[in-house]
**Q** 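Structure below; questions to follow.
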Amino acid sequence: MNFNFKNENQSLTKYTFLNYLKGDFFAWLTDDNNYLKAAQQYEDLKKLSYYRYKRLKNKNLNISEFELPTTIIDGNDVSDWSKKYYINKYQKDNFKIYDFSLEELGFDNLVKKTFEIMQKEKNFILFEGAFVYNGFKIRTDVIINKNGKFKLCEVKAITNCLEYHALDIMFQAKILQKNGYDIDNWILKLTILNNNFKLFQNKEDLQINELIEFNLLNLFQEHDRYFNSKPKDLKKAIEEGKGFLIREIFNHQDYFEIFNDFDNFLEKIKINQKKDKLPKKDHFEGRNFNYLDSEYFPFFLKYMGISDEKSIFLLGGDSWFNNKRKGNFFNIGIKNIDQIENLQLISNLSTQKLEENIKNFLKVKDFNILKNKNFINFLNKNNNSKKFKRIIQKNAILSNENFILNYKILNHLQIYKKVIYMYDFETVSQAIPRVKNMSTYEQVPYQYSIHIILDKDDFDFKSGKNIIHLEWLAKDNKDFYEDFWSNFTKDMQKYGPGSYVSYNKQFEKTIISNYINRVEYKKKDKFSFLLKIYEETLDMMEPFANYWYYSPDFLGSYSIKVVGPHFVPDISYKDLDIRVQKGDQSAKQAKIWLIQNNSYYDDNWLNVRNAMLKYCCYDTLLMVAIFQRLKEFIAQYNYDFELLISEINFATKNI
DNA sequence: ACTTGGGCGCTTAATGGCGG
DNA sequence: CCGCCATTAAGCGCCCAAGT
């Protein structure tokens with residue numbers, strides 16, 4: 001490899017710092033200059049983050065809203081409203097307002113301007129102040145000065161705070177300290193969204209933006225704590241003094257050295273970022289293995305020479321196979337799936353509760369357990385195949401064969417009635433809701449698709465025999481919520497009673513229950529049918545989530561996007577409109593449309609709408625296809641029910 | 001009378017799957 | 001980014017027996 005990168009004008013920001021905590025490789029690659037030059041050599045990198053490459057290649061390129069990730073759309077939205085929140089909150093104090101977010105002076109000039117305000121002014125609110133220390137540039141979301149006392153707030157479009165949020169704001173605090181500010185006497189707060197917020201419809205005639213403003217002081221909350229994971233009740237947890245003070249991150253054992261010897265650490269980062277090629281790597285490092293979730297992960301593996309075929313990183317679908325554990329396995333030399341053969345794949349606790357013969361059975365090595373009749377019968381009878389998913393997963397990969405519990409699947413398929421309604425909701429969630437009575441990040445349904453099988457014993461998804469497709473998509477962004485439900489209620493009864501089915505029913509059930517709870521003051525009987533759907537909905541995901549059918553192709557996943565193509569590889573995304581092809585694009589289109597409120601309703605929207613209609617039928621059609629294939633598959637077998645109900649007789653000679 | 005430690009069951013934390 | 005769900009790991013109080 002004789003390829004050298006010359007790095008000029010590197011950008012050192014708080015993200016450089018935060019990324020470096022995850023690992024030097026990751027930090028190096030997330031530098032724009034480094035990335036761009038590396039991408040010229042490694043084609044994979046271009047494909048992995050197409051928009052990033054496109055943006056960096058052509059700096060003058062105007063990225064349209066359609067190309068912005070939804071997190072950016074929400075981030076900008078929350079940023080805008082947080083300013084109104086602070087202006088509103090300190091209205092009575094008559095503070096001076098400085099907003100540098102739209103200034104085009106260049107960073108150095110902003111630093112000077114910020115410095116002047118910080119020195120001379122008293123009683124002000126400053127948005128997007130600029131500071132620099134030792135080459136590291138930061139922009140502070142909000143700085144408030146009240147009678148000489150400073151307060152720094154970091155605004156996040158989230159409803160809880162984790163360790164990396166604490167690191168984020170405390171890095172800024174450290175830079176301010178190095179600039180000579182006495183941060184020990186500053187108030188440091190994380191400003192987050194209040195998930196109890198509701199866009200109450202107090203006055204009928206208020207426009208949406210007026211309504212948000214009306215509820216504004218309840219939209220945000222400030223606090224100074226972070227948690228290892230999200231508490232069920234954040235408010236209660238804070239009141240009880242749970243969690244950790246963000247200030248204390250300086251004394252956290254993992255970060256103590258960094259913040260105590262800050263200058264030295266910054267130098268280490270600078271040296272790393274200036275390296276002329278990708279840092280060589282043969283093991284995973286960092287304080288955690290979170291960076292394994294990065295979009296660049298497939299590239300990491302390839303660069304480290306890790307083979308795709310039997311890598312332990314293929315194992316997923318189980319919190320036990322978390323990135324940290326897999327990374328640690330790799331570091332101690334367990335790199336391939338066959339090397340985990342001897343590891344205890346079931347927890348001690350689970351093993352203790354098993355019958356002795358099963359325990360012995362699982363100890364056997366070099367034994368094709370997935371084909372063993374006794375094991376299959378044991379799982380068919382005991383409904384606990386999910387407990388053995390690691391074993392199923394590992395052996396399926398090693399033998400490259402499917403694992404099937406016919407009896408379980410047959411039982412599941414027999415529950416379905418003659419007429420089957422396969423339904424799917426398309427929803428959009430926004431950090432700050434634009435639909436009346438909605439709360440932060442609440443999923444708003446704007447589109448549904450229903451495939452109806454008129455006779456479960458006589459249909460075909462390819463010819464369309466006995467298959468009906470119904471769909472609905474909001475026509476404009478005004479008050480579509482009620483229309484959605486009245487149309488859905490009507491369509492779900494159109495061909496009489498039947499089974500109601502969705503994939504991962506929990507999601508659809510939540511959407512329905514949100515609506516039912518919201519309108520309970522209205523006549524109950526009007527919603528009795530929705531309640532019936534809520535209670536009776538079957539889950540097409542069940543055979544896969546419970547490992548009754550497992551293919552090595554699944555790699556631990558049972559998402560419809562993995563299971564669908566396994567059964568019907570001939571249905572593909574190829575025919576779909578380019579505008580809704582990529583991942584979550586459909587939801588993004590709707591989100592833009594909702595956020596823009598009334599301004600976006602034009603011809604462009606109508607084109608997008610047509611594309612969205614085309615896409616929506618895909619998932620429900622897949623459900624019909626999966627149902628049909630599963631039925632055909634099971635029909636091949638002759639069932640020996642005598643065997644299935646007989647005593648499990650373990651052949652001791654095999655143990 | 002007091003301390004210590006193992007075993008037990010219950011609760012809570014941590015992780016990652018699913019949908020969007 | 002959200003909520004919800006499942007599994008596993010860790011923490012806690014409790015009992016009881018053995019030791020000091």
Side-chain angles (χ1 to χ4, degrees), chain A residues 69-75 77-78 156-163 165 192-195 197 227-234 237 240 242-243 288-290 292-293 315-326 344-353 384-390 393 423-433 438-449 502-514 537 539-542 544-547 554-563 583-591 612 615-616 619-620 623:
Chain A
T70 45
T71 47
I72 303 284
I73 297 172
D74 269 334
D77 197 28
V78 168
K156 294 280 176 205
I158 47 165
T159 59
N160 69 304
C161 292
L162 303 173
E163 193 173 286
H165 297 117
I192 63 171
L193 291 167
N194 179 4
N195 64 352
F197 172 84
F227 296 84
N228 282 334
S229 67
K230 186 175 180 172
K232 275 173 189 162
D233 188 340
L234 182 70
E240 289 172 355
K242 287 182 178 172
N288 52 53
F289 293 90
N290 286 348
L292 300 187
D293 293 328
L315 294 170
D318 182 352
S319 57
W320 196 81
F321 286 127
N322 62 48
N323 284 333
K324 194 167 184 173
R325 187 174 262 118
K326 283 185 283 193
Q344 191 177 4
L345 288 177
I346 293 186
S347 77
N348 272 328
L349 216 74
S350 297
T351 318
Q352 278 166 21
K353 289 173 185 169
N384 54 3
S385 45
K386 209 174 176 178
K387 278 188 186 158
F388 300 92
K389 63 182 177 182
R390 288 174 213 149
Q393 217 179 321
Y423 72 98
D424 181 41
F425 295 159
E426 299 297 320
T427 66
V428 63
S429 84
Q430 290 166 271
I432 300 170
M438 292 279 166
S439 56
T440 49
Y441 284 112
E442 181 168 342
Q443 299 285 350
V444 187
Y446 62 88
Q447 181 177 19
Y448 64 74
S449 169
S502 59
Y503 204 94
N504 191 14
K505 67 179 178 184
Q506 191 52 54
F507 181 74
E508 270 74 15
K509 282 179 74 168
T510 306
I511 307 292
I512 294 173
S513 117
N514 283 348
T537 291
D539 203 336
M540 194 69 245
M541 187 172 87
E542 202 173 332
F544 310 103
N546 288 320
Y547 285 69
F554 293 174
L555 296 175
S557 169
Y558 38 87
S559 146
I560 192 166
K561 281 161 187 71
V562 172
V563 172
D584 206 20
Q585 291 286 302
S586 184
K588 201 159 86 182
Q589 309 287 356
K591 177 174 272 196
M612 285 161 76
Y615 171 81
C616 185
D619 279 354
T620 46
M623 283 162 68

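Bear in mind that the values here come from a model prediction, so they are computed numbers and not experimental data. Proteins come first, then strands; the chains are lettered A, B, ... in the order of their sequence lines, and each starts at number 1.
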**Q** OP1, OP2 of dA6(C) versus side-chain N and O of Asn546(A): anything below 4.0 Å?
**A**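 Answer no for this pair, as no side-chain N or O of Asn546(A) is under 4.0 Å from OP1 or OP2.
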**Q** Please list, chain by chain and in numerical order, all residues satisfying ring-ring contact (aromatic ring centres under 6.0 Å, His included) with Phe554(A), sequence neighbours excluded.
**A**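 Listed in chain order: Tyr550(A), His566(A).
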**Q** Which nucleotide sits closest to the side chain of Lys561(A): dG16(B), dG20(B), dG19(B)?
**A**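 For the Lys561(A) side chain, the nearest candidate turns out to be dG20(B).
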**Q** Once rounded to the nearest 0.5 Å, what's the spacing between atom CG of Asp77(A) and atom CD1 of Ile72(A)?
**A**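 Taking CG in Asp77(A) and CD1 in Ile72(A), the distance rounds to 12.5 Å.
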**Q** Answer with base, sugar-phosphate or nothing: what part of the nucleic acid does Thr159(A) contact at a heavy-atom distance below 4.0 Å?
**A**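 Contact class for Thr159(A): sugar-phosphate only.
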**Q** With a 4.0 Å cut-off on heavy atoms, is Phe507(A) in touch with a base, just the backbone sugar-phosphate, or nothing at all?
**A**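 Base, at least one base heavy atom under 4.0 Å.
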**Q** Nearest to the side chain of Asn195(A), heavy atoms from C-beta on, is which of dG3(C), dT7(C), dG19(B)?
**A**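 Nearest to the side chain of Asn195(A) among the choices is dG3(C).
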**Q** Need one value for Ala157(A): base, sugar-phosphate or nothing, where a base atom within 4.0 Å counts as base even if backbone is also close, heavy atoms only.
**A**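 It contacts sugar-phosphate atoms only.
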**Q** If the cut-off is 4.0 Å, is Ser557(A) near the phosphate of dC18(B), judged by side-chain N/O to OP1 or OP2?
**A**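 Yes, such a contact exists.
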**Q** Please determine, for the side chain of Arg325(A), which listed nucleotide (dA9(C), dG16(B), dG20(B)) has the closest atom?
**A**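 In terms of side-chain proximity for Arg325(A), the closest of dA9(C), dG16(B), dG20(B) is dA9(C).
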**Q** So, Lys509(A) and Ser502(A): side-chain donor and acceptor under 3.5 Å apart, yes or no?
**A**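 No, no side-chain donor-acceptor pair sits under 3.5 Å.
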**Q** Please state how far atom NZ in Lys232(A) lies from atom P in dA14(B), giving the value in whole angstrom units.
**A**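 It works out to 13 Å between those atoms.
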**Q** Expressed in angstrom and rounded to an integer, what is the separation of Gln443(A) atom CD from dC18(B) atom P?
**A**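 Distance check: Gln443(A) CD to dC18(B) P gives 16 Å.
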**Q** Test for a donor-acceptor pair under 3.5 Å between the base of dG20(B) and the side chain of Glu426(A), counting only N and O atoms.
**A**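 There is none.
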**Q** Would you kindly compare Thr440(A) and Lys389(A) by the position of their nearest DNA chain C nucleotide and give the one closer to the 5′ end?
**A**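 Its nearest nucleotide lies further toward 5', so the answer is Thr440(A).
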**Q** Would you mind reading off the bend of the helix from dA1(B)-dT20(C) to dG20(B)-dC1(C) from its two end axes, five pairs each, to 10 degrees?
**A**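 Answer for the end axes of this duplex: 20°.
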**Q** Nearest of dC2(C), dT15(B), dG3(C) to any side-chain atom of Ser319(A)?
**A**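 Nearest to the side-chain atoms of Ser319(A), counting from C-beta on, is dT15(B).
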**Q** Closest to the Met541(A) side chain: dG20(B), dC18(B), dT7(C)?
**A**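 The answer is dC18(B), which lies nearest to the side chain.
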**Q** Is the phosphate of dA14(B), meaning OP1 or OP2, less than 4.0 Å from a side-chain N or O of Ser229(A)?
**A**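 True: Ser229(A) side-chain N/O within range (under 4.0 Å) of dA14(B) OP1/OP2.
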**Q** Calculate the interatomic distance between Glu542(A) atom CD and dC5(C) atom C1'; express it in whole Å.
**A**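 Computing the Glu542(A):CD to dC5(C):C1' distance gives 13 Å.
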**Q** If you compare every side-chain N and O of Lys326(A) against the phosphate oxygens of dT15(B) (OP1, OP2), does one of them come in below 4.0 Å?
**A**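 No, no such contact exists.
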**Q** Toward the 5' end of DNA chain B, which comes first, Ser429(A) or Gly556(A), by nearest nucleotide?
**A**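 Final value for this comparison: Gly556(A).
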**Q** Asp74(A) near the nucleic acid: base, sugar-phosphate alone, or nothing, with a heavy-atom cut-off under 4.0 Å?
**A**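 If one applies the 4.0 Å heavy-atom cut-off, Asp74(A) turns out to touch nothing in the nucleic acid.
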**Q** Holding to ring-ring contact (aromatic ring centres under 6.0 Å, His included), I want the full list of residues that pass it with Tyr423(A), two or more places apart in sequence or in another chain.
**A**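 Applying ring-ring contact (aromatic ring centres under 6.0 Å, His included) to Tyr423(A) gives Phe425(A), Phe488(A).
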**Q** On the nucleotide dA9(C), are OP1 or OP2 found under 4.0 Å from the side-chain N or O atoms that Trp320(A) carries?
**A**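 Affirmative; the distance criterion is met.
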**Q** According to a strict under-4.0 Å criterion, is Lys230(A) in side-chain N/O contact with OP1 or OP2 of dC1(C)?
**A**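 So the side-chain polar atoms of Lys230(A) never come under 4.0 Å of the phosphate oxygens OP1 or OP2 of dC1(C).
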**Q** What verdict does the side-chain hydrogen bond (donor to acceptor under 3.5 Å, both in side chains) test give for Thr620(A) and Ser449(A), after you've listed the backbone C-alpha separation in whole Å, the side-chain angles of each residue and the deciding distance to 0.1 Å?
**A** CA-CA 7 Å; Thr620(A) 46; Ser449(A) 169; 2.7 Å; yes
**Q** Would you say Ser559(A) reaches dG17(B)'s phosphate, i.e. side-chain N/O to OP1/OP2 under 4.0 Å?
**A**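 For Ser559(A), the contact criterion (side-chain N or O under 4.0 Å from OP1 or OP2 of dG17(B)) is not met.
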**Q** Show the nearest heavy-atom pair for residues Asn546(A) and Ser385(A), with the distance to one decimal.
**A**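 Where Asn546(A) meets Ser385(A) most closely, the heavy atoms are O-OG, 2.7 Å.
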**Q** May I have the distance from Asn504(A) (atom CG) to dC5(C) (atom P), rounded to whole angstrom?
**A**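 So the two atoms are 10 Å apart, to the nearest Å.
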**Q** Is there a side-chain contact between Asn160(A) and the phosphate of dC2(C), meaning an N or O under 4.0 Å from OP1 or OP2?
**A**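 True: Asn160(A) side-chain N/O within range (under 4.0 Å) of dC2(C) OP1/OP2.
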**Q** Rounded to the nearest 0.5 Å, how far does CG of Asp619(A) lie from CD of Glu426(A)?
**A**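 Rounded to the nearest 0.5 Å, the CD-CG separation comes to 6.5 Å.
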**Q** Tell me the interatomic distance from Ile511(A), atom CD1, to dG3(C), atom P, rounded to whole angstroms.
**A**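 Roughly 13 Å, once rounded to whole Å.
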**Q** For the side chain of Tyr558(A), starting at C-beta, report the closest nucleotide among dC18(B), dC1(C), dG20(B).
**A**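 Per side-chain heavy atoms of Tyr558(A), the pick is dC18(B).
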**Q** How close or far is atom P of dA13(B) from atom CG of Leu162(A), stated in whole angstroms?
**A**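 Value for this atom pair: 14 Å.
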**Q** What integer distance in Å separates Met623(A):CE from dG19(B):C1'?
**A**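 To the nearest whole Å, that distance equals 12 Å.
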**Q** Say you draw a straight line from NZ of Lys505(A) to CE of Met541(A); how long is it, rounded to the nearest 0.5 Å?
**A**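 Answer for the NZ-CE pair, Lys505(A) versus Met541(A), is 10.0 Å.
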**Q** Nearest heavy atom decides the nucleotide; on that basis, is Thr510(A) or Ile158(A) closer to the 5' end of DNA chain C?
**A**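 Here Ile158(A) is the residue nearer the 5' end.
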**Q** Check whether any side-chain nitrogen or oxygen of Asn228(A) sits under 4.0 Å from OP1 or OP2 of dA14(B), and answer yes or no.
**A**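 Yes, within the criterion.
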**Q** Just the rounded figure in Å: distance from C1' of dG19(B) to CD of Gln447(A).
**A**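 Distance check: Gln447(A) CD to dG19(B) C1' gives 15 Å.
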**Q** What does Ile560(A) touch in the nucleic acid at a heavy-atom separation under 4.0 angstrom: a base, only the sugar-phosphate, or nothing?
**A**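 Here Ile560(A) touches the backbone only, sparing every base.
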**Q** How far apart are the closest heavy atoms of Tyr441(A) and Leu193(A), and which atoms are they?
**A**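 Reported closest heavy-atom pair: CE1-CD1, 3.9 Å.
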**Q** Trp320(A) and Arg390(A): which non-hydrogen atoms are nearest, and at how many Å?
**A**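 Of all heavy-atom pairs spanning Trp320(A) and Arg390(A), the closest is CB-NH2, 3.0 Å.
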